[in-house]
Amino acid sequence: MRHSFHLLISAFFVFLVMSCSDSSVESIVITGSTTVAPVVADAALRFEEANPGIRVEVQTGGSSRGISDAKSGLADLGMASRDLKPGEEDLTSHCIAIDGVGLIVNRQNDVKGLTREQVIQIYRKEITDWSELGGKAGGILVANKADGRGTLEVFLKYLGLDSADIKADVIVGGNQQAIKTVAGDPNAIGYVSIGAAASEISSGTPIRLLESDGVVAATDSVAKGQFPITRPLLLVSRSDTSEETGRFIEYIKSDAVKDIIESHLYVPASK
Amino acid sequence: MFRHRNDRGLKWLLSGVALICGSLVIGIVGFLLVEAWPVFSSGQIFAFFSDGAWQPGSDREPQFGITPMLLASLAVTLLATALAVPPGILAAIFQIYYSPKWLATFQDRAMELLAGVPSIIFGFWGLTVIVPIINQIRPPGQSLLAGGIVLGLMILPTVSLTTRAALQAIDRSLVYGGAALGLSRPRQIFSIALPAARSGILSGCMLAMTRAIGETMAVVMVCGNIAKIPHSIFDPVRPVTSTIALEMGYATEGHRSLLYAAGFVLVVLTGFLLLLRRREPVL
């Protein structure tokens with residue numbers, strides 16, 4: 001009994017040491033935005049197949065964490081779904097794709113689209129009923145994202161508003177929660193990544209993407225540069241990156257992963 | 001006194017483990033304090049209670065009032081407790097005094113399973129089932145009431161299982177004595193068994209309350225997260241934990257310290273809740 005216990009403990013430590021000392025494998029650690037992570041994770045799998053001996057670890061935790069990890073050296077690369085802010089310019093950003101942010105309403109809502117001016121009025125509660133916008137009467141339920149979210153910042157920049165200007169009825173976390181909220185209330189309005197909305201719509205969730213300033217919210221209008229609310233999906237790096245990390249950046253910007261980016265309903269960055 | 005060598009060894013091992021468990025709490029609270037320190041040293045902590053709104057991301061007029069969130073945490077917790085305690089206790093009484101054995105076993109398993117359901121599942125269920133129903137009564141549906149219902153369901157097993165354990169632990173002869181005196185079944189239960197088990201039941205309710213006040217993933221989905229003092233149970237609210245969950249991943253330095261400080265205030269509040277409990281031996 002006692003012997004088998006000791007054996008188990010020793011086996012555990014041997015295993016631990018073995019798993020740490022495998023020096024032939026170089027690893028690249030990438031952390032950050034939950035929006036960018038699925039694309040990078042898929043691209044990393046393909047990169048690992050093509051480059052045996054390099055392992056890519058992808059962890060999520062939001063854009064700000066990606067940027068601060070890349071800065072501090074905790075990660076080799078950070079992922080961000082927003083532009084770098086002042087004070088973060090010592091990092092180099094590599095745009096891998098573009099994402100559009102679209103306004104969503106419930107499928108029962110028959111309003112076709114909104115102008116920027118109308119969206120501002122809705123989010124400031126100057127327009128409070130859908131009948132004022134040509135829809136069926138019903139008090140508008142304004143869903144906003146929590147402070148600090150990448151999508152919120154992009155949205156505010158488009159509207160030219162400060163977060164204190166917005167008077168919301170509910171505040172949601174991620175895209176999923178925004179979509180569920182709008183799907184459950186015929187009078188709700190919210191905004192999410194077009195990619196996320198499009199894939200939910202195709203799986204039958206009762207929501208609809210609105211036109212913004214007369215432009216259909218879809219990946220091809222984002223690709224053509226017509227859609228007004230867009231954001232870059234970035235990888236950020238320090239100036240002293242390893243050779244392997246540099247290779248990964250080149251790889252993810254190349255045509256080899258174009259289909260992966262498109263399968264996630266984002267638009268590959270034009271070169 | 002003679003002590004066997006193994007006994008002494010076990011004693012040291014056990015005290016070591018107990019020490020580690022106890023100091024974990026100190027470690028966690030200490031970590032919170034260190035991370036939140038800039039907020040305390042700059043006196044920003046006063047803004048927590050003097051500012052009327054929570055707008056940490058505003059460039060024009062940032063405000064850091066957390067009073068509405070503390071009230072929201074308390075309100076959701078009290079509502080959940082009020083909803084969960086009566087059925088929890090009644091279910092335990094049924095299980096011990098009235099239920100046939102097979103049903104009692106089934107109830108045990110069901111409660112344990114309910115206790116094991118991940119909170120995010122409760123959250124999604126609340127958002128897709130409870131919220132639309134409340135929305136029919138009064139929009140937006142994501143509200144104090146929705147949070148209370150979902151949290152109430154989550155803490156129901158804690159209340160029910162601890163009440164059952166407390167009722168089983170009482171001295172049976174008390175109840176038999178009541179029966180011998182010719183008291184009816186309900187009188188035996190409500191006048192003898194329940195008072196005798198009171199301390200254990202209260203402990204269970206406190207445990208349930210502290211779980212409710214610290215719960216995050218479910219409330220963030222169903223409460224609506226508007227940081228304003230609610231005027232009715234149909235108004236959306238934002239408990240402290242929701243704010244931390246919503247903003248932590250995206251917060252930069254100053255904002256981050258604020259969230260840690262808010263977490264610290266919540267821990268202090270929970271501590272006060274526990275102090276309210278009467279000092280009685282647990283079970």
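A, B, ... follow the sequence lines: proteins, then strands. Residue 1 opens every chain.
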Against chain A, label [X] side chain, backbone, both or neither, depending on which of its atoms sit under 4.5 Å from a heavy atom there.
{"X": "Leu127(B)", "result": "side chain"}
{"X": "Arg256(B)", "result": "neither"}
{"X": "Pro236(B)", "result": "side chain"}

Determine yes or no for a side-chain-to-main-chain donor-acceptor pair under 3.5 angstrom, with Gln142(B) supplying the side chain and Val172(A) the backbone.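 Absent.
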Are any side-chain N or O atoms of Asp162(A) and backbone N or O atoms of Arg60(B), one a donor and one an acceptor, separated by less than 3.5 Å?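 At least one qualifying donor-acceptor pair exists.
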Whether over 12 other heavy atoms sit under 6.0 Å from Phe46(B) CZ: no
Counting only heavy atoms not in Lys228(B) (residues, nucleotides, ligands), do more than 12 fall under 6.0 Å from its NZ? no
Report the distance from atom CD1 of Ile226(B) to atom CG of Asp169(A), rounding to the nearest 0.5 Å. 6.5 Å
Nearest 0.5 Å, please: how far is CD in Glu61(B) from CG in Asp165(A)? 8.0 Å
Between chain A and each of Pro132(B), Ala53(B), Gly224(B), Cys223(B), count heavy-atom pairs under 4.5 Å; write down the option with the most. Gly224(B)
If we define contacts as heavy-atom pairs under 4.5 Å, which of Lys145(A), Gln177(A), Glu153(A) has the most with chain B? Gln177(A)
Residue, of Ala164(A), Ser163(A), Ala146(A), that accumulates the most heavy atom pairs under 4.5 Å with chain B: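 Most pairs with chain B among the choices: Ala164(A).
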Part of Thr34(A) within contact of chain B (heavy atom distance under 4.5 Å): side chain
